[in-house]
Amino acid sequence: MPERNVVSWTVMVSGLAKLGELEEAKRVFESMPERSVVSWNAMLSGYVQNDLPEECLLLFNEMLNLGVRPNESTWVTVISACASKGDFQVARSLVHQLQKSRVNLNIYVKTALIDIEGDVQSANELFNRMQTKDVISWNTMISGYAQHGQWTQAIELFKEMSTLKDMKPDTVTMSSVIAACGHLGILEFGRWVVDYIAENQIGLNLSGYNSLIFMYSRCGSLEEAKRVFEEMPKRDVFSYNSLISGLAANGDGLEVLKLLMKMKNELIEPDAITFIGILTACSHSGLVDEGLTVFETIKCPTIDHCACIVDLLGRAGRIDDAKRMIDEMPMRPHSGVYGALLNASRIHKCVDLGEFAAQELFELEPENSGNYILLSNIYASDRRWEDVEKLRKMMRERGVLKMVGASWLEFHGKIHRFVAGDRSHCQLDEIYRVLEDVGNRMRAMGYIADRNCVLRDVEDEEKEEMLRAHSEKLAVGFALLVMEMGAVIRVVKNLRICEDCHLFIKMVSKLEGRVIMVRDNNRFHCFKDGKCSCNDYW
DNA sequence: TTAGGGTTAG
């Protein structure tokens, strides 16, 4: 060019960076005879676009040291560099500098700030103070809630957005909303959202389809998840992972292994999450050898994959192999590893290994009441009531004893509340008739009507405290399930699929010859023929 | 010539 000026130089920097030619961009940037703030911005954003946020921040420092005044675009770029790094400390110091610099906070800067702050409340305050908001500001706030697990708030904000005349939710909005529905397990609302998308002609892109697969999977609607998976024009690792995890939770190990093959045929590389899904599926379906074979193919197995193998071996009864796996693994085991061993010890009633795993867990996470309960259950299954009581005492002393007050179940759109010893439910007589019937039939089939039996008479006060809170209210709730067979029971609060109700539902599924779906902690468990998708062999 | 938003696991 006969006349090169700062603009043409900057175009070169920006264009090269966009092509991923970062070294070349840097070379041009460094040989510029003069630079404007825009040139600096082009180079800074080049680093962010090429996933080098640290380089961006270093260059930003250099820029300040040379006395170049950042403008709004500069701030947006460096803030987003912190966002991709997840570096809240640097973000805080940037916000501080930003306040000192008296730069005008336009919609871009504010939106970037909502995205970075790691502090949902401040982000929301800023969002509420914004005079003008566009679709990206709304999406940033919605996904901010979602990224912090505040899915209800994300959905509420979407509802508010959808009532505004001048605001049209787009495909990004809908991806977040659909995923939030999945996390909450609210399939009915999810279906409404799907209709909303169709009515408003919002085209879904790959992320949107992936969210849909995730939602259907998490809500236990595997047929719909598979349908979306088949229908979508292009799949990526997210699509596979969402479906694999859904099938894994449903105990469909064979289908998952087929998907792994299909994935390879489509030349999509499985990642760490894929393998967790596959190993979980094998574990839940008792496919021990297949799981071990897959484990061998993982290039860089993580500690989580090892935990899956401990679970796989332990559930299947190869508990000594599970312990050996822990002894031989190169990394330091974390709570997930010992948790898997403890669970396996409970399933197979191995007191020694259970004690070993629990001791490690009490060190690693002393506040987690679940570990104490599991060990207590192991002692109880061995009728070691003194040890049970010792553990209760330890829990009281450490303040981890958490008595569950009540549970809430939802079905047919109505919330039912159950409390230990509660006699106030409007279908009480019917419930107890069903309970008695199931208990009799269980005994007739040779099952020991001991502590696992929901009808068990409680002998003394201590065990009453321990057992009633768990068994009885669950029993009452699940008796309702028997009567309402076919309905999906949604556990609204406090109730977990613990040992007692687990056995109960399995028995019911066998006696009634029905498939029962129960949503527990937002995950679906599928019970059929006396087996549960999570493959616990009681 | 430069700048802000989305999806997955146990």
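The sequence lines fix the lettering, A, B, ..., with proteins before strands; numbering per chain opens at 1.
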*Asks:* Taking only the side-chain nitrogens and oxygens of A/T77, find out if one of them lies under 4.0 Å from OP1 or OP2 of B/dT2.
*Replies:*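 For B/dT2, neither OP1 nor OP2 has a side-chain N or O of A/T77 closer than 4.0 Å.
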*Asks:* Is there a donor and acceptor pair closer than 3.5 Å between the side chain of A/D134 and the base of B/dG4?
*Replies:*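 Answer yes: a donor N or O sits under 3.5 Å from an acceptor.
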*Asks:* So does A/K18 get a side-chain nitrogen or oxygen closer than 4.0 Å to the phosphate oxygens (OP1/OP2) of B/dT2?
*Replies:* yes
*Asks:* Grab the CG-P distance between A/D170 and B/dG6 for me, whole Å please.
*Replies:* 12 Å
*Asks:* Using the side-chain heavy atoms of A/N71, tell me which of these nucleotides is nearest: B/dG6, B/dA3, B/dT2.
*Replies:*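 Nearest to the side-chain atoms of A/N71, counting from C-beta on, is B/dT2.
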*Asks:* From B/dT7, B/dT1, B/dT8, pick the nucleotide closest to the side chain of A/Q147?
*Replies:* B/dT7
*Asks:* Has the side chain of A/N106 got a donor or acceptor atom sitting under 3.5 Å from an opposite partner on the base of B/dA3?
*Replies:*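 Present.
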*Asks:* Mind calculating the distance between CH2 (A/W40) and P (B/dA3) to the nearest angstrom?
*Replies:*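 These atoms are roughly 17 Å apart.
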*Asks:* Output the rounded distance in Å from OH (A/Y145) to P (B/dG6).
*Replies:*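 Atom-to-atom, A/Y145 to B/dG6, this comes out as 16 Å.
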*Asks:* Distance criterion of 3.5 Å, no angle test: do you see the side chain of A/S245 paired donor-to-acceptor with the base of B/dG10?
*Replies:*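 When only heavy-atom distances are counted, A/S245 does not reach the base of B/dG10 through any donor-acceptor pair under 3.5 Å.
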*Asks:* Have A/N210 and A/S207 got a donor and an acceptor in their side chains that come within less than 3.5 Å?
*Replies:*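 Side chains of A/N210 and A/S207: no pair found under 3.5 Å.
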*Asks:* Just how far, in rounded Å, is C1' of B/dG6 from CD1 of A/I213?
*Replies:*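 After rounding, the reported distance stands at 15 Å.
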*Asks:* Would you say the base of B/dG6 and the side-chain of A/N205 have a donor-acceptor pair closer than 3.5 Å?
*Replies:*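 By the distance-only test, yes, there is a pair.
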*Asks:* Quick one: does NZ or CZ of A/K159 land under 6.0 Å from the six-membered ring centre of A/F189, within 45 degrees of the ring axis?
*Replies:*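 Yes, A/K159 lies over the aromatic ring of A/F189.
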*Asks:* Is a donor from one side chain sitting under 3.5 angstrom from an acceptor on the other, for A/H334 and A/D304?
*Replies:* yes
*Asks:* Base, sugar-phosphate, or nothing for A/S39, non-hydrogen atoms under 4.0 angstrom?
*Replies:*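 Counting heavy atoms under 4.0 Å across all strands, no contact is made by A/S39.
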*Asks:* Expressed as a whole number of angstroms, how long is the span from A/I273:CD1 to B/dG10:C1'?
*Replies:* 10 Å
*Asks:* Answer yes or no: is there an ion pair linking A/D321 with A/R324, defined by an N-O contact shorter than 4.0 Å?
*Replies:* yes
*Asks:* Between B/dG6, B/dT2, B/dT1, which one does the side chain of A/T10 approach most closely?
*Replies:*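 Selected nucleotide (nearest to the side chain): B/dT1.
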*Asks:* Pairs under 3.5 angstrom only: tabulate donor-acceptor contacts from the side chains of residues 2-19 of chain A to other protein residues two or more places apart or in another chain.
*Replies:*
residue	atom	partner	partner atom	Å
A/N5	OD1	A/V7	N	3.1
A/N5	OD1	A/S8	N	2.9
A/N5	OD1	A/S8	OG	3.2
A/S8	OG	A/N5	N	3.0
A/S8	OG	A/N5	O	2.9
A/T10	OG1	A/V6	O	2.6
A/T10	OG1	A/S39	OG	3.0
A/S14	OG	A/K18	NZ	3.3

*Asks:* Testing the basics here: between A/A322 and A/L341, what is the closest heavy-atom pair and its distance to 0.1 Å?
*Replies:*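 Smallest interatomic distance, heavy atoms only, reads CB-CD1, 4.2 Å.
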*Asks:* Mind checking side-chain contact (heavy atoms from CB on, under 4.5 Å) for A/Q153 and listing every partner two or more places apart, or none if nothing turns up?
*Replies:* A/Y145, A/Q150
*Asks:* Side chain of A/F214 only, please: which of B/dA9, B/dG6, B/dA3 is the nearest?
*Replies:*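 So the side chain of A/F214 is nearest to B/dA9.
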*Asks:* Among B/dT8, B/dG4, B/dT7, which is the nearest nucleotide to the side chain of A/S207?
*Replies:* B/dT7
*Asks:* Looking only at the side chain of A/V172 (C-beta and beyond, no hydrogens), which of the listed nucleotides B/dG10, B/dG6, B/dA3 gets closest?
*Replies:* B/dG6
*Asks:* Atom CG of A/D304 and atom P of B/dG10: how far apart are they, to the nearest Å?
*Replies:* 11 Å
*Asks:* Would you indicate which nucleotide in B/dT8, B/dG4, B/dT1 comes nearest to any side-chain atom of A/F238?
*Replies:*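 Looking only at side-chain atoms, A/F238 lies closest to B/dT8.
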*Asks:* Counting any heavy atom closer than 4.0 Å, what does A/T171 reach on the DNA or RNA strands: base, sugar-phosphate only, or nothing?
*Replies:* base
*Asks:* Checking only heavy atoms, does the side chain of A/T111 share a donor-acceptor pair with the base of B/dG4 at less than 3.5 Å?
*Replies:*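 Checked by distance alone, the answer is yes.
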*Asks:* Taking the minimum atom-to-atom distance to the side chain of A/V38, which one of B/dT1, B/dG10, B/dA3 wins?
*Replies:*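 Closest nucleotide to the A/V38 side chain: B/dT1.
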*Asks:* Ignoring backbone atoms, test whether A/R218 places a side-chain nitrogen or oxygen under 4.0 Å from the OP1 or OP2 oxygen of B/dA9.
*Replies:* yes
*Asks:* Is the shortest side-chain N/O distance from A/H183 to OP1 or OP2 of B/dT8 below 4.0 Å?
*Replies:* yes
*Asks:* Where the side chain of A/Y108 is concerned, which of B/dA9, B/dT1, B/dG4 is the nearest nucleotide?
*Replies:* B/dG4
*Asks:* So which nucleotide from B/dG6, B/dT2, B/dT8 ends up closest to the side chain of A/S242?
*Replies:* B/dT8
*Asks:* What's the CD1-P distance between A/I142 and B/dT7, to the nearest Å?
*Replies:*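 One finds 12 Å between P of B/dT7 and CD1 of A/I142, rounded.
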*Asks:* Rounded to the nearest Å, what distance is computed from the CD1 atom of residue A/I178 to the C1' atom of nucleotide B/dG6?
*Replies:*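 Rounded to the whole Å, the gap is 10 Å.
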